[in-house]
Amino acid sequence: MITKKENIDALEKFSENLEIEGRSLWQDARMRFMRNKAAMVSLVILVLITLSVIIAPLLSQYAFDDTDWYAMHAAPSAEHLFGTDSLGRDLFVRTLLGGQISLMVGVLGALVAVVIGTVYGATSGFIGGRVDRMMMRILEILYSIPFMFLVIVLVTFFGRNIYLIFIAIGAIAWLDMARIVRGQTLSLRNKEFIEAAHVSGVSQWNIIRRHIIPNVLGIVAVYSTLLVPSMILTESFLSFLGLGVQEPMTSWGALLQEGAQTMEIAIWQLSFPAAFMVVTLFCFNYIGDGLRDALDPKDR
Amino acid sequence: MQFKRSLLSTALLATTLIGASFAAQAAVVPEGVKLAAKQELVRGNGTEVASLDPHKTEGVPESHVIRDLLEGLVNQDADGKTIPGVAESWTTADNKTFTFNLRKDAKWSNGDPVTAHDFVYSFQRAVDPNTASPYSWYLEMTTMQNASDIIAGKKDKSTLGVKAVDDYTFEVSLESAVPYFVMMMGHTTVKPVHKATVEKFGDKWTKPENFVGNGAFVVNNWVVNERIELVPNTQYWDNANTVLTKVTFLPIENQVAEMNRFLSGEIDITNELPNEHFRRLQKEHPESLAIKGNLCTYYYNFNTHKAPFDDVRVRKAISYAIDRDIVANAILGQGQKPAYFLTPEIVAGFSPELPAYGKLSQKERIAKAKQLLEEAGYNKANPLKFTLLYNTSENHKKIAVAIGSMWKKSLGVEVVLENQEWKTYLETKKQGDFEAARAGWCGDYNEASTFTSLMEGKNTTGGIHYKSAAYDKLVKDAVETTDDAQREKLYYAQEQLLADDMPLAPIYQYVTARLLNPAVGGYAENNAEDKLYSKDMYIIQK
Amino acid sequence: MFKFILKRILEAIPTMLILITVSFFLMRFAPGSPFSSERTLPPQVMANINAKYGLDKPVFDQYTTYLTNVLQGDLGPSFKYKDFTVNELVVSALPVSAKIGALAFIFAVVFGVSVGTLAALRQNSWLDYAVMSTAMLGIVMPSFVLAPVLIYIFSIGLGWFPAGGWLDGSLQYMVLPVLGMAMMYVATFARITRGSMIEVLNSNFIRTARAKGLSYSYIVVKHALKPAMLPVISYMGPAFVGIITGSVVIETIFGLPGIGKLFVNAAFNRDYSLVMGVTILIGFLFILFNAIVDILLAYVDPKIRY
């Protein structure tokens, strides 16, 4: 029995063979990704959200910290699209501005994790031997340390600032990254083209830089798309404890925390930021899933 | 909402003999009230108590519990008046030497009699450097003989000015005349502890299995971060009048969580209520709202040693531009009042004339503020910038954001808000490493000096943000004078000086707003210090 | 296996040492003292307090003293809760968190795996989509939003469960906290199970089994479930860490006297000894649980041998 999907697959394979030049892994992946409807829709929504959190606050007639004593906890209306908070600040602007911060923390946090994790994992996997065992042992030790608790201590003790926050949460997340990259590197190390590079006298560092890193980028890309939402959630966790960004700045986490306290009287304070955050996280997750499916050779 | 100022306590008058004239105060259940079968009370208590040892605590939550567990020389009635506690009566001829006559039927929960020796031991323990009580300075404030030297380790604790004349006569000698001394004896730090128990168990004497107290209740169960349960002390001299059979204190920091537990019927008296929900609660649960004046002031400190606030014009401008009516009425709106003094107006015998700026309209104040800033060299091209420090809390945040936006709107000032965790905040303030900072103070007793002494050089963290010789002199004079009218004048002069110097901007006067189960009787709704005695309360049959 | 366990124990020693050292010095270099208060304490009183808690000695001496005490199982007195030692506090808080955490964990695994398997068996049906979208919602909804909603509906609205507290830890007090904590992990376990189950069901040995004419449900239970559990078991480690961390939120919202609440209060109060005590305990639990997960993996996957 041939299902519809298999039908399409067969056609694909056929058309692949027709092409004279073979497609690269990347082109292949891109095509597969583009065929994934959920992922594509998510991508479009995510781009829209990103653009609107950057641009819309600039266009609004209200500043994010404009208070209005006569419109405290005002319900959504034409004037205040998303209503106002307990100090009469426009929630539309604040939700979008909070999105800026949350996305920034998410992306930068993920970036920190990716950079540390990739370098660490690639080095460990590539050098191998005793160094690898050492580095993995260190990783195991780090796994046993309750980092979230150290971050709480760090942020309560040394005061909160946004850089500290994303460095801190990025630093927690790199462990998994390092493990994954090491695994990939190990399998790459024994490939012929790396041996060829060795033979031609390319320095170790250059091999890592030119050959290993580009080749593990795929898995890194997938993992970091899935990392961004978890970073955003971590930031909101810190916001819940009152350790997030400083007022009058805000983030989705901080808005949700406030909204959850006032849901009986101003549900819009919870629902709008929640909707934005949930949709964004959904999108990241679907894109991550889509990328994984697109890049996973087993799926071919 | 009306806040009646409590009358000058009779304790203030020299050579008075009171006691016999007062009826026993515990739980006076009015006639016709039918008591519920289950007499159990659950009280929200803010945070977990640091300790139940009166000589190791400094906070309000601890005081709430200890008030039920230990009884000092004097208590307070529902209106905040000082009434006899373990002391039946007291006399003084010069406000320097006080003689307390202790009741002979007072007993510890293990049956031992409460004697003057217990008080001697406890007072000495409070100032003993080895106890390291964070509130030992309180005894220093009473000017008790040698208290300062003992705390500083210069003299032995046995030299403290306290004496047991006989088992039931306790005498205290002060260095200078303090007419409100008896009132000060209602504080947690001056509660007695049971010597034998403390010496036997050390730090562990407050555990339920070890605890011995002389209050109306004893600790029955204590789970940190969850609950403290008290049951009546059968040995208490007035136990016959204790109605409740169990009192539970819950440490719930989050006001919304506390409200939710009240609304689902798990708490009878909350500690606070969330600001945002006030109007909703007013509409939906008006019968459960209890609001009363409180002996506390909310203010912002300026660091007068650091630019830009080393300039009095800047301090004044910034203070004038705060629209206190908006803060008190629109943002808070539970009956808080705008503040123009460090001392709240609810304090007994305190009703000075408003300072000049207090009489202006907000518009005039802002005009004045603009002018002052201009004179100090700040304008649009060179806007004033500073950082406002506050400790992490929803309410402080809200007020800081609101006032920050007032400054921005009316004066074009750029304010950076910085919130720090309580301990970091205290450390920053201690180091003088701030420009403007939130502060608040609640009176330890119902008298202006508990507030005005805050700005004394030695209390502003060694004068780190304010030190004025003129002010220190006024404080000293007020302590030393024996004339009540003169003292009052000196307090007013201190407040006037604060308005001229503006080392702090008073913002509003607190109220205690909480949710109260209508079935609870005997709630002291006029006690400005919020001294609630569980022994006075009872549950009414619905 | 015995050798493996011994190896894990030996490895745990340097980890614990590092953890103790890092947290000790982090604590000592932090601004703010556990004994700051609104009014400045007279220097003599401050000195006495410092002396009482051994803070007057050189930092290195404090460190060695602390280390020796910890080795003897003594975590010292709490700086904030002056009537208790850290040991007493931890001993009273741990059972609460353990009970809630264990229930949440079991609930998440059992419920998540069943739902995930169900979705995998009905791949691409409306049931699959419904389950997986709900799961995604569970993953992206922070527990501090979910928990108040649960309270609002089930405590204030319906009055079924108390809005917080612990009392003696009876079932009614645990339902909402366990739900609030488990939701995210139910969702994650469901997703993982579904993914790996689909993969296993498509593998050759299952096809063979089906070709032999064995009943489908027999195949799923007897053959597919065990290999499909591998990624699920691997995720148990992170889930455990997440549940411990999440206890901070849940215990704060429901006012439970557990480890998470204890830790947050301790950090805010600068209760050095308590912060360290809890950190050490949690680090120890992490090591223990990671080891358990590894043993489980070895049991399920015959390819892994130690």
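Lettering follows sequence order; numbering is per chain, from 1. Everything numeric here is computed off the predicted structure, so don't read it as measured data.
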Check: Is there side-chain contact between A/M277 and C/P142, with at least one heavy-atom pair below 4.5 Å?
Finding: yes
Note to self: Under 4.5 Å from any heavy atom of chain A, what part of C/I244 do you find: side chain, backbone, both or neither?
What the structure shows: both
Next item on the list: For the pair A/L241 and C/F144, evaluate side chain to side chain contact (heavy atoms under 4.5 Å, CB included) and give the outcome as yes or no after the intermediate values.
Entry: CA-CA 10 Å; A/L241 294 175; C/F144 65 83; over 6 Å; no
Note to self: For A/F33, is the CZ atom crowded, meaning more than 12 foreign heavy atoms sit under 6.0 Å from it?
What the structure shows: yes
Check: Which one, C/R191, C/M16, C/M141, leads in non-hydrogen pairs under 4.5 Å with chain A?
Finding: C/R191
Next item on the list: Let me know if A/Q261 has heavy atoms under 4.5 Å from chain C in its side chain, its backbone, both or neither.
Entry: neither
Checklist line | Atom group of C/V249 that falls short of 4.5 Å from chain A, counting heavy atoms | finding: both
Item checked: Region of A/L256 in contact with chain C, defined by heavy-atom distances below 4.5 Å -> both
Note to self: Using heavy-atom distances under 4.5 Å, tell me whether C/L137 contacts chain A through its side chain, its backbone, both, or neither.
What the structure shows: both
Check: Which atoms of A/F237 come close to chain C, meaning under 4.5 Å heavy atom to heavy atom: side chain ones, backbone ones, both, or neither?
Finding: both
Next item on the list: Count the heavy-atom pairs under 4.5 Å between each of C/L19, C/T245, C/I18 and chain A, then report the option with the highest count.
Entry: C/T245
Next item on the list: Check step by step if side chain to side chain contact (heavy atoms under 4.5 Å, CB included) holds for A/F284 and C/V140.
Entry: CA-CA 10 Å; A/F284 269 112; C/V140 299; over 6 Å; no
Note to self: If I measure from the heavy atoms of chain A, does C/S143 come under 4.5 Å with its side chain, its backbone, both, or neither?
What the structure shows: neither
Notebook entry, point to check: C/I287 versus chain A, heavy atoms under 4.5 Å apart: side chain, backbone, both or neither?
Noted result: both
Next item on the list: Start with the C-alpha gap between C/V149 and A/M263, add the side-chain angles, then the distance that decides, and say whether side chain to side chain contact (heavy atoms under 4.5 Å, CB included) holds.
Entry: CA-CA 9 Å; C/V149 173; A/M263 60 181 168; 4.1 Å; yes
Next item on the list: With rounding to the nearest 0.5 Å, note down the distance linking CZ in A/F240 to CD1 in C/I253.
Entry: 4.0 Å
